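Per chain, numbering begins at 1; letters A, B, ... match sequence-line order. Everything numeric here is computed off the predicted structure, so don't read it as measured data.
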Number of protein chains: 2
Amino acid sequence: MTGGGVVTEPKYQRIAAALKAAIAEGEYGPGDRLPGENDLMAAHGVARMTARQALGVLQSEGIAEARKGAGVFVRTFHPLRRRGIQRLTREAWGSGRSVWSVDATDRDVVVDQIRVGEEPAAEHIARVLGLVADEPVCVRDRRFVLDGKPVLLSTSSLPAGLVAGSPITRPDTGPGGIYARLAELGHEPVHFREEVRSRMPTSDETARLALPGGTPVLLVCRTAFTQDGSAVEVNEMVLDANSYILEYDFDA
Amino acid sequence: MTGGGVVTEPKYQRIAAALKAAIAEGEYGPGDRLPGENDLMAAHGVARMTARQALGVLQSEGIAEARKGAGVFVRTFHPLRRRGIQRLTREAWGSGRSVWSVDATDRDVVVDQIRVGEEPAAEHIARVLGLVADEPVCVRDRRFVLDGKPVLLSTSSLPAGLVAGSPITRPDTGPGGIYARLAELGHEPVHFREEVRSRMPTSDETARLALPGGTPVLLVCRTAFTQDGSAVEVNEMVLDANSYILEYDFDA
DNA sequence: TAGTGGTCTAGACCACTCC
DNA sequence: GAGTGGTCTAGACCACTAA
């Protein structure tokens with residue numbers, strides 16, 4: 001450095017702030033290329049690592065995204081709207097539509113990385129489902145890809161004894177999805193609880209959702225309850241936070 | 001680099017992975033100090049910037065937290081549970097309790113940085129409240145601090161004409177909060193919509209919530225509707241994602 | 001005061017993208 | 001092939017924390 005002024009805000013922060021201001025004023029719009037490391041070195045008279053650090057600020061704040069060999073670009077935000085309550089009404093899953101398609105009409109949805117199997121229940125799952133630890137659960141793990149962009153990872157767990165032999169243990173569960181099948185088995189879900197939190201992704205989540213740096217994930221854990229109050233399914237979802245707005249409507 | 005093996009994963013990623021593995025195996029627990037830059041340089045034979053980069057990975061993933069002059073420490077996760085639906089039943093706000101206290105019983109809650117005033121409505125607020133752009137709104141901006149830790153920023157906007165002269169325009173709104181006051185004014189909220197998303201914090205949010213690096217924020221935007229379907233309040237909240245789990249309960 | 005992380009420099013080689 | 005970001009080195013001074 002070393003230099004400088006009075007109490008001196010770090011150079012890289014000043015550069016980052018200047019870039020943010022330029023974006024805010026519309027000088028750079030969504031998708032535009034920002035000044036690169038060489039530009040910033042020349043413009044501000046700093047070393048490469050310092051220019052890098054400035055660009056790193058914007059990336060870690062989710063404002064910009066680096067593409068190897070190409071440049072650093074302003075990011076966009078075009079979220080899906082996911083209605084947490086209306087999507088789970090009986091009409092939605094009783095009428096041959098999958099739950100997913102309720103909020104993604106007319107989009108190119110692909111479900112891949114499907115894995116269906118039986119495993120010993122993790123401790124926190126077993127507790128919610130009222131099972132003994134290590135008791136077997138049917139696990140359905142899937143990835144949802146919308147218009148070529150992976151947006152959601154879903155891991156659904158059900159007591160293995162409850163669903164043995166049903167379509168739930170197969171990749172394709174048929175019209176109406178697993179809730180319709182559960183109803184046919186006499187375990188119709190009538191109540192749901194969704195718990196929502198957010199954190200930075202693990203490296204596995206970063207890879208499976210193809211997340212650029214500075215993108216958090218939303219975690220939605222949904223528990224389905226039958227009329228007698230017992231939990232029959234726990235669905236742990238990982239959502240690209242840049243692709244989703246969750247909506248919950250309810251009366252006072 | 002230099003060097004290495006076959007397709008060579010970057011050194012800093014290997015070091016970061018080793019640290020994560022050590023944490024996962026319980027070698028370092030919540031609050032423990034991790035090996036510092038000097039330790040990593042010696043242990044792995046790398047330069048300072050490389051060791052820094054490895055520690056930076058853990059920080060940007062929210063796993064660790066650096067304290068100047070002290071070291072890098074494993075972070076903890078002790079969230080509050082915020083019930084989005086039960087907390088807004090009439091019993092909750094009709095009985096002299098503030099909405100906030102419903103989910104933070106027996107905790108040391110302080111509300112500070114209170115700012116109440118009248119402003120021209122932002123475009124997105126005006127649209128929801130059914131106002132003309134720049135029409136005045138009453139804005140209530142507050143920060144909630146729990147046990148000394150700031151956890152939530154709240155900005156509530158109401159049509160200025162609707163609430164003029166009422167306690168809503170003053171810092172202390174009285175028992176039951178603004179929903180009880182709105183009811184007294186003949187604008188009782190009967191329906192709510194909460195929209196939830198997540199992103200990395202702005203620098204202002206980082207400062208006001210005292211967020212360590214690698215912590216996203218949850219954005220909850222709640223709109224309150226009266227019986228005739230008109231929106232009477234928009235409350236934009238910014239939550240420390242490391243301090244909250246949102247819970248929504250509903251029937252099929 | 002010794003050690004820590006925060007900032008910064010001035011070089012270097014690499015893989016990748018775009019022309 | 002020129003330019004980009006990704007990784008890495010080997011030094012440096014600083015402010016801060018803790019003993």
Side-chain angles (χ1 to χ4, degrees), chain A residues 1-17 19 28 31-60 63-75 203 206-207 210-214, chain B residues 1-17 19 28 31-60 63-75 203 206-207 210-214:
Chain A
M1 145 8 86
T2 5
V6 216
V7 195
T8 310
E9 184 187 23
K11 286 182 182 178
Y12 78 94
Q13 285 183 19
R14 295 201 67 85
I15 299 172
L19 288 171
Y28 304 101
D32 285 358
R33 184 178 177 283
L34 290 171
E37 297 173 358
N38 295 335
D39 302 307
L40 295 179
M41 287 168 69
H44 295 88
V46 295
R48 195 155 126 71
M49 288 304 296
T50 307
R52 253 185 97 63
Q53 217 173 347
L55 289 169
V57 170
L58 300 222
Q59 291 171 57
S60 72
I63 298 170
E65 170 182 357
R67 290 177 217 152
K68 242 185 307 187
V72 180
F73 298 82
V74 179
R75 284 182 54 180
S203 47
T206 300
L211 298 174
Chain B
M1 176 47 3
T2 141
V6 217
V7 195
T8 310
E9 184 188 24
K11 285 184 181 178
Y12 78 95
Q13 285 183 19
R14 296 200 66 83
I15 298 172
L19 287 171
Y28 303 102
D32 284 359
R33 182 177 178 281
L34 291 170
E37 298 173 357
N38 295 334
D39 302 308
L40 294 178
M41 288 167 68
H44 296 88
V46 294
R48 196 159 126 74
M49 288 303 297
T50 307
R52 254 185 96 62
Q53 216 173 347
L55 289 170
V57 170
L58 300 222
Q59 291 171 56
S60 73
I63 298 170
E65 171 183 356
R67 290 177 217 152
K68 243 185 307 186
V72 180
F73 299 82
V74 179
R75 284 182 53 181
S203 47
T206 299
L211 297 174

Closest to side chain of [X], choosing from [options]:
X     : options               : value
A:A66 : D:dG5, C:dC8, C:dT17  : D:dG5
A:M49 : D:dA10, C:dC18, C:dT9 : C:dT9
B:R33 : D:dT7, C:dA10, C:dG5  : C:dG5
B:V72 : D:dT4, C:dT9, C:dG5   : C:dG5

Note to self: Between A:L58 and A:V72, is the side-chain contact (heavy atoms from CB on, under 4.5 Å) condition met? List the steps.
What the structure shows: CA-CA 10 Å; A:L58 300 222; A:V72 180; over 6 Å; no
Whole angstroms only, please: what is the [atom1]-[atom2] distance between [X] and [N]?
X     : N     : atom1 : atom2 : result
A:H44 : C:dT7 : NE2   : C1'   : 17 Å
A:Q53 : D:dT7 : CD    : C1'   : 15 Å
B:R48 : C:dG6 : CZ    : P     : 9 Å
B:L55 : C:dG6 : CG    : C1'   : 13 Å
A:I15 : C:dT9 : CD1   : C1'   : 13 Å
B:E37 : D:dC8 : CD    : P     : 15 Å
B:E9  : D:dG6 : CD    : C1'   : 14 Å
B:L58 : C:dG5 : CG    : P     : 12 Å

Checking only heavy atoms, does the side chain of A:R67 share a donor-acceptor pair with the base of D:dG6 at less than 3.5 Å? no
**Message:** Tell me whether the side-chain N or O atoms of B:R52 pair up with the base of C:dT7 as donor and acceptor below 3.5 Å, since no angle test is needed here.
**Reply:** no
Evaluate the side-chain contact (heavy atoms from CB on, under 4.5 Å) criterion for residues A:M41 and A:N38: first the C-alpha distance (whole Å), next the side-chain angles of each, then the deciding distance (0.1 Å), finally the verdict. CA-CA 5 Å; A:M41 287 168 69; A:N38 295 335; 4.0 Å; yes
Please tell me if [X] has a side-chain N or O lying less than 4.0 Å from either OP1 or OP2 of [N].
X     : N     : answer
A:N38 : D:dG3 : no
B:K68 : C:dT7 : no
A:T50 : C:dT9 : yes
B:Y12 : D:dC8 : no

Original post:
Considering only heavy atoms from C-beta outward, does the side chain of B:M49 approach that of A:M49 to under 4.5 Å?
Top reply: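 Side chain of B:M49 against side chain of A:M49, heavy atoms only: contact under 4.5 Å found.
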5′-ward residue of the pair A:A51/A:G69 relative to DNA chain C
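The 5'-side residue here is A:A51.
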ask   = Taking it one step at a time, do B:L19 and B:L55 satisfy side-chain contact (heavy atoms from CB on, under 4.5 Å)?
value = CA-CA 9 Å; B:L19 287 171; B:L55 289 170; 4.0 Å; yes
CZ/A:R14: more than 12 non-hydrogen atoms of other groups inside 6.0 Å: no
Practice task
For A:Q13, answer base if it contacts any base atom (sugar-phosphate contacts may also be present), sugar-phosphate if it contacts only those atoms, and nothing otherwise; contact means non-hydrogen atoms under 4.0 Å.
Solution key: sugar-phosphate
